[in-house]
Amino acid sequence: MPRHFSIRTLFSLFVLLSVPFTQLYSQTAAPLTVPGKMDWWRKARLGMFIHWGVYAVPAGQYKDQEIGGLGEWIMHDASIPRRDYEQYAKQFNPVKYDAEAWVRMAKEAGMKYIVITAKHHDGFALFDSKASDWNVVKATPYGKDLLKPLVEACRRQGMKLGFYYSQANDWFNPGGAAARGHWDPTQQGSMDEYIEQVAAPQVRELLTQYGDVVELWWDVPTDMNRQRADKLAALLSLQPGIITNDRLGGHYNGDITTPEQYIPATGIAGRDWETCMTMNDTWGFKTNDNNWKSAATLIRNLVDIASKGGNYLLNVGPTAEGEFPRPIVERLQAIGKWTAVNGEAIYGTTASPFHQLPWGRATQRKEGKETTLYLHVFAWPKGGQLLVPGLAGAFSSARLLSNGKTLTCKTTADGLVIDVPLTAPDPVAAVIALHTTAPLDIRPFAIRQAANGALVLEPELATIHNKEGEASAMTEGDWDARNIGYWTSPYSWISWEVEISKPGTYSITALAGVPAYGNALTIEIGGQTIAATMDRTGSYHQYREMTLGKVTIEKAGKYTIALRPTASKWEAINLRHIILQ
Ligand code: FHN
């Protein structure tokens, strides 16, 4: 047994030996019954995904052509014959690979675990596998196992390490599946033999020769059936307490759900979940993909995900020489600068207790009777006061994490008002910590009319109702101009809680971007339903004020305003706001 199996593993092995195997992997693949195995993971919040392999050599180009799509899919997308693709392996010589530096950059960014592609869909193993010669030791001039140095560096620096393994898609080893069909006769073969002779032995190698493995990240279960999945799932007991995801196939749902390239609008109730995301548009390195997300976006994504109780698995695609591209290094440094100051508001916290906040997100930390609320302010208030809508109860003080400064706060009918500096201590996400020993008391917040009588309904104060499993409408955009977007499903609807103090007849207008040929929807308020249409503006980003109709409110009071698409005439739109005037 490798010398660096941790105490955790030894303890878990003891637990396992006392549990009949049949109980370990139940039919619905309930997580391995090692008590508390998710605890560290739920505290970690931020991990590094690494997509690295032979595909970094062509890096998006084939026969002098730019190949669109994901860098790691180039063999498939350009239908590159195996014998041609093998030539890239002969050029794969990552002489600049420095595992210590990689781990240090992840650690300094505030990442608590790394998941690396041990083998992606092109079948190329980054490790010394006896199950297939299509690996870095046998097929490249580099000739050495790439995972072992990373394992050592992680152990030395206290970083947890997991492996991504493409268990079904394998475009090189005969019998492997291909999501959109094979293109090279040499790919033909029995998938069951491929599972038996390549996938299962390689997963066993990964789970027995590289110390503690904290995550096994299955991916794209093309042609996976129960019988094939069982063979692979059974191997997980080699690593007691290992965490796996929902992508094995064969109806295994693993321990975590894996939203990819998006953040679920309201998290995923009842599941641990991990949003995986690229910093540009490709997982594997591409020379010409420079569509980088800003560091601010990445930091706010981390906050948004933590506020919904999820983890962020942020991707790095190293070059064929073994280096992180400069734009990635810069973003990791910026994330590290932010987490160094504000990490206590992320690590070990749980989801926000608020339904919605107009200026940003919240996380919380409970320790016995002590609750610390962390307010992550993206849109800093202009007038020197921050309203936390609906928050009642006494808060002794508020503290700016950036400099420890104490802020005064007072309770009002609308919620807690905090006196804040006129300029944001951090333009990306400034964090205010509120501390209380009393149970949190958050009242439903109703939007009130402005002094001129206007009732402005903004995205971040809306409740977005998505149908389970449907495409989810969500808020998006810059924090000085948020909109509700991805509103593709007519079953998603939105509502606001409002308080109308002045009865009368109100016009209802919308500021929307309507790319399609008009939309139909209904507006419900106080038992009245107004049918409305939205005229085409030309694109999501061409916003125009449009009149939706009129409504008469007879009585002052609290109301719910609901906007429901008309299913027969609905196309996605971007909605910036609704105003009743
Ligand atoms: O096809 C893969 C893709 O290459 C990449 O590995 C992502 C990462 O989550 N997973 C699959 C696409 O969903």
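We count residues from 1, following the sequence as given. As the structure is a computational prediction, the values presented were derived from the model and not from experiment. Order of listing sets the numbers, starting from 1, for every ligand and every atom in it.
Trp102 and Tyr97 have perpendicular rings, their planes meeting at more than 60° on a 0 to 90° scale where under 30° would count as parallel. Using the six-membered ring where Trp is involved, Phe49 and Trp217 have ring planes that are tilted, between 30° and 60° apart.
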Hey, can you pull the donor-acceptor pairs under 3.5 Å for the side chains in residues 73-81, sequence neighbours left out?
unit_1 : atom_1 : unit_2 : atom_2 : d
His76  : NE2    : Arg180 : N      : 3.4
Asp77  : OD1    : Arg180 : NH2    : 3.0

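Remark: ligand 1 and Trp283 share no N or O pair separated by less than 3.5 Å (distance only, no angle test).
Each of the atoms 1 (O), 2 (C) of ligand 1 lies under 4.0 Å from some heavy atom of His121. Residue-ligand proximity, Trp217 to ligand 1, at heavy-atom distances under 4.0 Å covers atoms 9 (O). Near Arg247, the atoms of ligand 1 lying under 4.0 angstrom from a non-hydrogen atom of the residue are 9 (O), 10 (N), 13 (O). Set against the non-hydrogen atoms of Glu72, the atoms of ligand 1 under 4.0 Å away are 3 (C), 4 (O), 5 (C). For ligand 1, the atoms sitting less than 4.0 Å from at least one non-hydrogen atom of Tyr164 are 6 (O), numbered in the order shown with element in parentheses. Less than 4.0 angstrom separates some heavy atom of Cys276 from each of these atoms of ligand 1: 9 (O).
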Derivation and outcome, salt bridge (Lys or Arg N to Asp or Glu O under 4.0 Å), residues Arg271 and Asp246:
CA-CA 11 Å; Arg271 282 284 288 178; Asp246 54 351; 5.1 Å; no

Decide yes or no on salt bridge (Lys or Arg N to Asp or Glu O under 4.0 Å) for Arg247 and Glu260, but give the supporting numbers first.
CA-CA 12 Å; Arg247 300 192 183 194; Glu260 180 169 323; 2.8 Å; yes

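With respect to atom 12 (C) of ligand 1, the closest heavy atom belonging to the protein is Glu260 OE2, 3.3 Å. Looking only at protein heavy atoms, the nearest one to atom 10 (N) of ligand 1 is Asp219 OD2, 2.6 Å.
Evaluation of the salt bridge (charged side-chain N to carboxylate O under 4.0 Å, His left out) test over residues 311-322, restricted to residues two or more places apart or in two chains, returns none.
Between Arg155 and Glu152 a salt bridge is recorded (basic side-chain N to carboxylate O distance below 4.0 Å).
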